[in-house]
Amino acid sequence: PTAMREIFLEPPKVRWSDIGGQEEVKQRLREAVEWPLTHPEVFARLGGSPRKGLLLYGPPGCSKTLTAKALATEAGLNFMAVKGPELFSMYVGESERAVREVFRKARAASPSIIFFDEIDALSASREGGQGRGGGGGVGASVLTALLNEMDGIESLKNVTILAATNRPEIIDPALLRPGRLDTILYVGPPDLEARRQILDIKTKKMSISSEVDLDELARKTDGYSGAEIVNICDEAIHYAMRESFDIDAVGRSHFGQAMEKAVPQITSAMRE
Ligand code: ATP
């Protein structure tokens with residue numbers, strides 16, 4: 001029961017336009033998941049078979065979760081989110097049951113997406129070692145349960161699996177075989193244009209003074225993730241409030257102070 005709490009069906013309201021940049025990822029997901037659903041007759045005519053599983057990989061805070069939610073919203077799919085590590089906070093046998101339960105719910109709610117965040121947790125445990133699951137045994141059986149569900153071809157109609165990881169190199173190869181997570185998409189750090197878009201999206205919901213130069217901010221945030229850029233904006237709000245509770249808008253100096261404190265966490269090793 002502890003971890004089942006983390007498994008939920010929610011109607012996400014994230015749109016493609018809420019995500020700055022990532023045009024190629026958006027397009028690939030539209031083609032692989034949205035088009036077969038919105039144009040089934042064309043897809044069938046051309047002999048297409050729907051993608052069952054896709055893997056998003058890339059550094060933290062670069063919109064993997066956001067992308068999964070947007071896909072669900074835009075394609076009109078029910079959305080189920082499961083975090084890999086949560087499947088291990090259970091007693092032996094419970095994790096496997098939870099996996100089957102997730103797929104059962106997703107089938108009942110189809111067309112739907114199951115989003116497995118931090119999917120690498122499953123593979124890491126399988127090797128024993130750091131033992132998030134307390135040893136190889138538990139991890140292996142959870143992974144086996146997951147593979148079994150993925151391979152249930154007929155029953156998986158209209159259920160798409162989307163998985164995400166920051167550590168693609170430790171994913172168990174069994175998960176990446178054809179018919180499983182066989183479409184792999186890199187979700188990288190935002191480029192200049194994407195950073196400008198992220199700043200636009202975020203500051204639209206803020207009150208900022210006209211002297212704030214978003215182009216300059218976009219240039220200065222090279223190397224920062226989307227999450228870090230959003231965080232700089234939130235910090236700027238705090239600096240503005242520190243100055244005065246009567247303040248009407250976040251100013252240039254507040255962004256400047258927030259920038260000074262910010263340190264990008266993405267290392268070159270995390271890049272493609
Ligand atoms: P993690 O690997 O840490 O789970 P993630 O890649 O799944 O990270 P998200 O959870 O999607 O990242 O992003 C975190 C937050 O950062 C989002 O809720 C959003 O506020 C912001 N963000 C990140 N990238 C973008 C983007 N491209 N456009 C708009 N907002 C973004």
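The model shown is predicted, which means the values in this text are computed figures rather than measured ones. Counting convention: from 1, in listed order, for ligands and their atoms alike.
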Which residue supplies the protein heavy atom nearest to atom 27 (N) of ligand 1, what is that atom called, and how far is it? G20 O, 2.9 Å
Which of the ligand 1 atoms, numbered from 1, are nearer than 4.0 Å to a heavy atom of N166: 2 (O)
Looking only at protein heavy atoms, which one is nearest to atom 4 (O) of ligand 1, and what is the separation? D117 OD2, 3.8 Å
Give a yes or no on whether E193 atom CD has more than 12 heavy-atom contacts from other residues, nucleotides or ligands under 6.0 Å away. no
Determine whether L66 and D18 satisfy the following criterion, side-chain contact (heavy atoms from CB on, under 4.5 Å), listing intermediate values before the conclusion. CA-CA 8 Å; L66 219 51; D18 293 324; 5.7 Å; no
Could you tell me how the ring of F79 sits relative to the ring of F115: parallel (under 30°), tilted (30 to 60°) or perpendicular (over 60°)? parallel
In the protein, what heavy atom is nearest to atom 18 (O) of ligand 1, and what distance, to one decimal place, separates them? L66 CD1, 4.0 Å
What are the atoms of ligand 1, with element, lying closer than 4.0 Å to any heavy atom of C62? 5 (P), 6 (O), 12 (O), 24 (N)
Salt bridge K220-E216, side-chain N to carboxylate O under 4.0 Å: yes
Between R195 and D222, is there a side-chain N and carboxylate O pair less than 4.0 Å apart? yes
Does this structure show an ion pair linking R97 with E94, if we count only N-O contacts that are shorter than 4.0 Å? no
Quick check on P190 - does any of its heavy atoms sit under 4.0 Å from an atom of ligand 1? no
Residue, atom name and distance, where the atom is the protein heavy atom closest to atom 7 (O) of ligand 1: T65 OG1, 2.7 Å
For G188, does its backbone N or O pair with a side-chain atom of Q22 as donor and acceptor, under 3.5 Å? yes
Can you tell me which residue and heavy atom of the protein come closest to atom 29 (C) of ligand 1, and the distance to 0.1 Å? D18 O, 3.4 Å
Among all protein heavy atoms, pick the one closest to atom 12 (O) of ligand 1 and tell me residue, atom and distance. S63 N, 3.2 Å
Given 3.5 Å as the limit, does a donor-acceptor pair link the side chain of K52 with the main chain of V159, or not? no
Before accepting this row, confirm whether a basic side-chain N of the pair D200/R196 lies closer than 4.0 Å to the acidic partner's carboxylate O. yes
Of all protein heavy atoms, the one nearest atom 5 (P) of ligand 1 is K64 N, 3.5 Å
Report the nearest protein non-hydrogen atom to atom 23 (C) of ligand 1: residue, atom name, distance rounded to 0.1 Å. G61 O, 3.2 Å
Considering S17, A227, C233, which one's heavy-atom position lies nearest to atom 16 (O) of ligand 1? A227
For ligand 1, which atoms have a heavy atom of I19 less than 4.0 angstrom away? 27 (N), 28 (N)
